[in-house]
Amino acid sequence: IPVDVFDLVIFGGTGDLARRKILPGLYRRFRAGQMPRDARIIGAARSELDDAGYRALVAEAVREHLEPEKRDEESLAAFLETVHYVTVDARGDAGWKELCALIREGTVHAFYFSVAPSLFGDLAERLRAHRLADGKARIVVEKPFGHDLESARELNRTLARHFDESQIYRIDHYLGKETVQNLMAVRFSNILFEPLWNAQYVDHIQITVAETVGVAGRGEYYDKAGALRDMVQNHMMQLLCLIAMEPPYRFDPDAVRDEKLKVIRALKPLTARDIVRGQYDAGPGIPSYREDVGNPDSFTETFVAMKVEVSNWRWEGTPFYIRTGKRLKARASEIAVVFREPPHAIFGQPRDGQGNVLVIRLQPNEGINLWVRIKEPGPGGMRLVEVPLDMSFAEALGPAAAEVPEAYERLIMDVIRGNQTLFMRGDEVEAAWAWIDPLIADCESCGEPPILYEPGSWGPEESAMLMHREGRRWREIR
Ligand code: NAD
């Protein structure tokens, strides 16, 4: 379904994020017929370019970041006609008049802040001063949203001076993933799961976000952030919320976000001693983290594993184990809801506690699996075996699955439609920082270095021990 005609300004339109995600994503929506031909995409950045120069940059970005089957020259040429450019200084007056002239009255206008967060305030202020911050305007802001509670509050206050909360779209691209939304569909549109979705039937939940890459190119930022700020405070917290939240009364932005907020507020505080912090070491031909960031004394964690508890009626007694890291064995993100064993084993076979698992896989091969025990075929008697009921989209939906929009595409279309459900509200972001700040402060003050781990492993041994101590284990991920 096509969205309304819009003018989208991408501040930072020449930057890495714009080239890798935003522009190719917009092109895909254009090619799919969702983006109207009279929409305008206006790149706005510091580089001195004209429309032709910027169109060349956009074409190159699309060719570089989309596989040949996802693009064609004819639609690309048509797409480029919607593209414009203005040289703008977020901190000065240059370019603002020209920008105003390109934005049409009566259209939806959205401003994507794909620039360093230190420029958010300047941009918001200038949008207001040039009367672009009217009721039709929407702004999109990228992570990191602050580096602690105080800076997040300050950022929220700055934006609130110029925009209403209903105009602010804080992106967490994990929420734009097809499977993440499917998680809500599976939970709330089937009778099968919700009755079991509580501490009585769920033994524990595992959330893994594993990367194989190091911090290449992002060292300067990462060394000040670490995995707790870079992954846990935002992406992992969001996933945990969607699993743990109560059913919202309606699928409505504030109804959903109210329920997520309650989960964050119910998280038990953690201290440095409760969690495993790791840092990747050097391996054959692979530099260590400290070499990557050029800081031989860095205590920054590139891996964390922890047990998180949600202290409420539904979840008391069901831990959420989360782990994330760089230079791990596989690039994979998944959520596993591990159900309890039946109360009595009539077949007498030893059970390892992972008979029924609902696996929500975010990457690679997005999809959902439900593992069940069945009888192993053949004459061997009642031997049980675990098999997955596969809800992988690629197989079930055929070619339609190939057209599934990627996270950024979907989220930008939601901005145009004015749907905030998959964006973080200011109070959610602050609550997540309020929970994680004391933990980070404790880690920083305890003086303990992170545990070194081998690149290509699953992190420090202590991560496995965190589970073993409680008679559990991480699911094997390939
Ligand atoms: P980048 O350094 O590649 O690009 C920065 C852009 O900002 C450039 O287009 C530059 O011209 C513009 N710019 C800088 N100063 C300006 C000024 N005074 N006035 C106008 N424009 C100015 O950065 P990036 O990697 O594209 O990241 C942009 C934002 O997105 C950052 O907040 C970053 O944290 C966030 N982010 C990036 C990624 C990513 O994969 N690159 C992922 C998540 C979040």
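Read the numbers this way: they start at 1 and go in the same order the structure lists the ligands and their atoms.
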Open item on the list: Applying salt bridge (Lys or Arg N to Asp or Glu O under 4.0 Å), can you list everything that pairs with D230, at least two apart in sequence or on another chain?
Closed with: K143, R218
- [ ] Kindly write out the residues that satisfy ring-ring contact (aromatic ring centres under 6.0 Å, His included) with F320, not counting sequence neighbours, or none if the list is empty.
- [x] W315
Task: Given M237, E428, M245, the one that forms side chain to side chain contact (heavy atoms under 4.5 Å, CB included) with V263 - done: M245
Task: side-chain hydrogen bond (donor to acceptor under 3.5 Å, both in side chains): pairs with one or both residues in residues 110-119, sequence neighbours excluded - done: Y112-E142
Task: Sidechain N-carboxylate O distance under 4.0 Å for E165, R170 - done: yes
Report every pair formed by an N or O atom of ligand 1 and a protein N or O atom separated by less than 3.5 Å, giving atom names and the distance to 0.1 Å.
from: ligand 1; atom 1: 3 (O); to: D16; atom 2: N; distance (Å): 2.8
from: ligand 1; atom 1: 9 (O); to: G12; atom 2: O; distance (Å): 3.4
from: ligand 1; atom 1: 9 (O); to: T14; atom 2: N; distance (Å): 3.4
from: ligand 1; atom 1: 9 (O); to: T14; atom 2: OG1; distance (Å): 2.7
from: ligand 1; atom 1: 9 (O); to: G15; atom 2: N; distance (Å): 3.2
from: ligand 1; atom 1: 11 (O); to: R46; atom 2: N; distance (Å): 3.3
from: ligand 1; atom 1: 15 (N); to: R46; atom 2: NE; distance (Å): 3.4
from: ligand 1; atom 1: 18 (N); to: D89; atom 2: OD1; distance (Å): 3.1
from: ligand 1; atom 1: 19 (N); to: A90; atom 2: N; distance (Å): 2.8
from: ligand 1; atom 1: 26 (O); to: D16; atom 2: N; distance (Å): 3.0
from: ligand 1; atom 1: 26 (O); to: L17; atom 2: N; distance (Å): 2.8
from: ligand 1; atom 1: 32 (O); to: V115; atom 2: O; distance (Å): 2.7
from: ligand 1; atom 1: 34 (O); to: K143; atom 2: O; distance (Å): 3.1
from: ligand 1; atom 1: 40 (O); to: R20; atom 2: NH2; distance (Å): 2.3
from: ligand 1; atom 1: 41 (N); to: D16; atom 2: OD2; distance (Å): 2.7

Open item on the list: What verdict does the side-chain contact (heavy atoms from CB on, under 4.5 Å) test give for Q206 and R475, after you've listed the backbone C-alpha separation in whole Å, the side-chain angles of each residue and the deciding distance to 0.1 Å?
Closed with: CA-CA 8 Å; Q206 305 185 4; R475 266 174 45 80; 3.7 Å; yes
